[in-house]
Chemist: 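Before anything else, here's the structure in question.
Small disclaimer: the values here were computed from a predicted structure and weren't measured.
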Amino acid sequence: MSCVPGLSTVEVMRVATASFIQFSSRRYTDDCMPAHVLGSAPLGLSDQETKDVELAHLLLAFAEKVAKQQYGCARKLQNLCHFLSSSCGNSVQRVVYYFTKALQEKTDRETGRNASEGSESRDVPAMHFQEAMASSTPALMACFLEVPFYQVTEFAGIQAIVETVASAKKIHFIDLAIGAGGHCIVLMQALATRYECPIELLKVTAVGMTSREKIKDTGRRLTQFAEALKLPFSFKVAMVNDIKDINEDTFELEDGEAAAVYCPLLLCSTMRQPNCSESLIKVLRNLNPLLMVITEIEANHNSPTFTNRFNEALLYYSAYFECLDVCMDRGSAYRMELEETYLSLEIKNIIASEGKERIIRRMKIDAWRTLFAECGMVEAELSLSSLYQADLVAKQFACGSCCTLDTNGKGLIVGWKGTPILSLSVWKFPAVNAKTAKYLM
């Protein structure tokens with residue numbers, strides 16, 4: 001499948017935003033039911049693009065009424081959005097469908113409609129999401145195999161590790177979110193063909209907070225794969241109740257081992273706990289690893305302001321849903337599960353939750369750089385070989401021309417038609433100086 005011509009889903013949202021701003025600057029006797037939205041799309045669009053822009057316009061109006069706590073008007077717009085959107089339609093219709101559900105949840109919470117559920121139950125979706133991500137369900141695996149972003153960052157990140165440990169005979173690979181362990185297989189294949197400096201031992205420590213048995217299953221598969229490669233290998237599961245419980249003893253690092261830390265899509269989960277990320281970085285620094293490879297969602301979903309958070313999330317998920325529309329069949333059961341079970345919960349948590357209930361708190365790479373610099377970490381340049389791997393993997397996908405690769409400082413931003421989706425960066429831990437010591441005490 002290749003990129004579909006015409007307006008992208010993100011472009012539809014931007015056109016709708018422009019028309020909505022123009023609409024908002026006028027005064028209408030009844031802006032609860034904006035019949036005048038029909039015909040508000042610019043001339044020159046196809047019939048479907050016109051319908052998509054008008055639907056997105058209604059969603060923006062709905063969000064504005066929720067932000068202003070004008071719940072009577074909001075309910076009318078909610079009904080329109082729900083009627084015109086669809087969980088099995090095109091990417092615009094699907095985005096509007098799930099954002100409508102999230103706004104409805106926010107409205108219900110603020111008007112007391114679901115007060116009986118209690119705050120504890122509101123954490124269930126996010127916790128369920130984290131457990132699902134750790135267990136690598138078939139739907140998530142299908143997404144990994146068919147959507148380019150994850151493999152692009154995986155291969156480029158593992159290439160950075162391979163280059164850094166090129167002269168090490170004993171390697172300790174610390175994996176903070178192992179999932180199905182596909183990246184470990186990439187690393188093992190690279191190390192098994194390293195004839196100039198044969199490996200004496202590859203030790204993998206997989207940290208987990210849920211699903212011990214799933215991680216042990218991954219370990220058994222990796223052990224069998226290592227035996228087939230004749231690669232000396234050991235695997236350890238290190239279970240903790242919470243990220244903040246990770247300490248130096250978790251990893252059993254031995255003399256002569258070159259440590260490398262792999263951290264995919266994990267650090268954002270530390271943001272809801274004060275000083276959690278700083279505590280984790282302190283522990284990792286004390287292990288004296290050669291490098292730390294970090295992949296994160298490249299979006300700002302951590303704004304305390306609802307409107308800012310909504311707008312950021314709308315553009316991010318518009319790009320993501322369009323990618324799914326291009327890369328996966330519209331009627332795919334895995335795609336439906338991915339959207340209904342996982343992405344829907346993400347959107348709902350970002351849009352409808354506040355305070356400690358908002359678990360998904362993502363930041364862009366510049367914000368991470370500020371935090372890492374304060375903790376004494378130094379960013380390393382991604383090599384040309386890593387960038388080549390990223391480009392090579394992207395081109396293996398039929399939709400590869402839509403997968404955009406851009407450098408940001410020393411890191412890499414992987415996106416969909418220019419909209420950022422993931423960031424990849426490599427970090428090292430130099431000697432502590434007086435400026436950073438206070439963060440590590």
Side-chain angles (χ1 to χ4, degrees), residues 8-14 16-18 20-21 56 59-60 63-64 66-67 95 98-99 102-103 105-106 125-126 129-130 133 149-150 153 263-278 281 294-323 342-375 377 379 404-425 427:
S8 70
T9 307
V10 169
E11 288 169 339
V12 166
M13 297 302 171
R14 294 192 188 280
T17 299
F20 176 68
I21 292 173
L59 176 69
L60 294 168
E64 182 191 53
V66 173
V95 169
Y98 289 112
F99 271 77
L103 289 170
E105 174 76 11
K106 183 175 178 64
F129 170 76
Q130 290 181 336
M133 289 298 290
F149 316 123
Y150 305 104
T153 54
C263 186
L265 305 177
L266 176 79
L267 286 179
C268 62
S269 64
T270 68
M271 297 310 298
R272 69 189 184 102
Q273 301 184 64
N275 303 317
C276 183
S277 54
E278 291 88 344
I281 291 170
I294 297 174
T295 301
E296 280 297 333
I297 300 294
E298 182 61 9
N300 179 17
H301 296 157
N302 195 34
S303 173
T305 305
F306 162 73
T307 300
N308 292 344
R309 213 164 61 239
F310 175 89
N311 291 334
E312 282 274 348
L314 183 61
L315 293 181
Y316 172 83
Y317 285 100
S318 291
Y320 201 102
F321 272 74
E322 183 183 291
C323 177
Y342 306 121
L343 299 183
S344 176
L345 295 181
E346 285 187 32
I347 294 167
K348 189 176 293 186
N349 190 254
I350 293 168
I351 299 302
S353 299
E354 299 292 348
K356 65 180 182 180
E357 295 172 5
R358 184 155 50 83
I359 292 173
I360 299 176
R361 296 171 174 267
R362 295 157 175 164
M363 303 193 304
K364 292 187 177 182
I365 193 169
D366 287 340
W368 286 117
R369 282 194 179 109
T370 300
L371 174 62
F372 295 156
E374 290 175 347
C375 293
M377 299 169 69
E379 189 171 7
T404 50
L405 307 178
D406 297 292
T407 55
N408 180 302
K410 297 179 180 180
L412 175 68
I413 304 298
V414 184
W416 181 258
K417 296 184 179 180
T419 299
I421 300 293
L422 295 180
S423 67
L424 172 70
S425 55
W427 298 84

Chemist: Within the 4.5 Å heavy-atom criterion, are Y317 and I347 side-chain neighbours or not?
Modeler: yes

Chemist: Taking side chain as C-beta onward, heavy atoms only, is C268 less than 4.5 Å from I297?
Modeler: no

Chemist: Hey, could you give me the CG/CG distance between N302 and N308, rounded to the nearest 0.5 Å?
Modeler: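 With rounding to 0.5 Å, CG (N302) is 11.5 Å from CG (N308).
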
Chemist: Please check this pair: side chain of T419 against backbone of G415, looking for a donor-acceptor N/O pair closer than 3.5 Å.
Modeler: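 Looks like no, no N/O pair under 3.5 Å.
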
Chemist: Apply side-chain contact (heavy atoms from CB on, under 4.5 Å) to residues L265 and Y150 and explain how you reach the verdict.
Modeler: CA-CA 10 Å; L265 305 177; Y150 305 104; 4.1 Å; yes

Chemist: Can R14 and L315 be said to form a side-chain contact (heavy atoms from CB on, under 4.5 Å), step by step?
Modeler: CA-CA 8 Å; R14 294 192 188 280; L315 293 181; 3.8 Å; yes

Chemist: Determine yes or no for a side-chain-to-main-chain donor-acceptor pair under 3.5 angstrom, with N349 supplying the side chain and I359 the backbone.
Modeler: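 Checked: pair present.
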
Chemist: Kindly indicate, with the supporting measurements, whether the criterion side-chain contact (heavy atoms from CB on, under 4.5 Å) is fulfilled by L267 and W368.
Modeler: CA-CA 9 Å; L267 286 179; W368 286 117; 3.6 Å; yes

Chemist: Does any non-hydrogen side-chain atom of Y320 lie less than 4.5 Å from one of L343?
Modeler: yes

Chemist: Let me confirm one number: the CG-OG1 distance from L405 to T153, rounded to the nearest 0.5 Å.
Modeler: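 The CG atom of L405 sits 10.5 Å away from the OG1 atom of T153.
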
Chemist: Give the minimum heavy-atom separation between P304 and R358, together with the two atoms involved.
Modeler: CA-NH2, 4.2 Å

Chemist: Looking at CZ of R309 and CG of N300, how far apart are the two atoms once the value is rounded to the nearest 0.5 Å?
Modeler: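 So the gap between those two atoms works out to 10.0 Å.
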
Chemist: Quick one: are M363 and E296 in side-chain contact, heavy atoms under 4.5 Å?
Modeler: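 No. Closest side-chain heavy atoms not under 4.5 Å.
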
Chemist: Taking atom CD of E346 and atom CD1 of I360, what is their separation to the nearest 0.5 Å?
Modeler: 4.5 Å

Chemist: Using 0.5 Å steps for rounding, measure from the CD atom of E64 to the CZ atom of F20.
Modeler: 3.5 Å

Chemist: Apply side-chain hydrogen bond (donor to acceptor under 3.5 Å, both in side chains) to residues E322 and W416 and explain how you reach the verdict.
Modeler: CA-CA 9 Å; E322 183 183 291; W416 181 258; 2.9 Å; yes

Chemist: Check the pair I351, Y98 against side-chain contact (heavy atoms from CB on, under 4.5 Å), reporting the backbone distance first and the verdict last.
Modeler: CA-CA 11 Å; I351 299 302; Y98 289 112; over 6 Å; no

Chemist: Testing the basics here: between V12 and A56, what is the closest heavy-atom pair and its distance to 0.1 Å?
Modeler: CG1-CB, 4.4 Å

Chemist: Parallel, tilted or perpendicular for W427 and F372, by the 30°/60° rule?
Modeler: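 Taking F372 first and then W427, their aromatic rings stand perpendicular (interplane angle over 60°).
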
Chemist: Please give me the minimum heavy-atom distance between F306 and A63, naming the atom from each residue.
Modeler: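 Looks like CE2-O, 3.8 Å.
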
Chemist: V10 versus K417: any side-chain heavy-atom pair under 4.5 Å?
Modeler: no

Chemist: Is there side-chain contact between N408 and S423, with at least one heavy-atom pair below 4.5 Å?
Modeler: no

Chemist: For R361, is the CZ atom crowded, meaning more than 12 foreign heavy atoms sit under 6.0 Å from it?
Modeler: yes

Chemist: Is there a side-chain contact between L422 and I413, using heavy atoms and a 4.5 Å cut-off?
Modeler: no

Chemist: Minimum heavy-atom separation for P420 to Y316, with atom names?
Modeler: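 That closest heavy-atom pairing would be O-CD1, 3.8 Å.
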
Chemist: Do you know the tightest heavy-atom contact between A313 and I350?
Modeler: CB-CG2, 4.2 Å

Chemist: For T307, is there any backbone N or O sitting under 3.5 Å from a side-chain donor or acceptor partner on T305?
Modeler: no

Chemist: Got V414 and T404 here, is their nearest side-chain heavy-atom distance under 4.5 Å?
Modeler: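 No, too far: nothing below the 4.5 Å cut-off.
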
Chemist: If I compare all heavy atoms of C276 with all of T270, which pair ends up nearest, and what's the gap?
Modeler: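 Closest pair (atom of C276, atom of T270, distance): CB-O, 3.5 Å.
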
Chemist: Report the distance from atom NZ of K364 to atom NE2 of H301, rounding to the nearest 0.5 Å.
Modeler: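 K364 NZ to H301 NE2: 8.5 Å, rounded to 0.5 Å.
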
Chemist: Under 3.5 Å, side chain of E312 to main-chain N/O of A299, donor-acceptor pair present?
Modeler: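 Looks like no, no N/O pair under 3.5 Å.
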
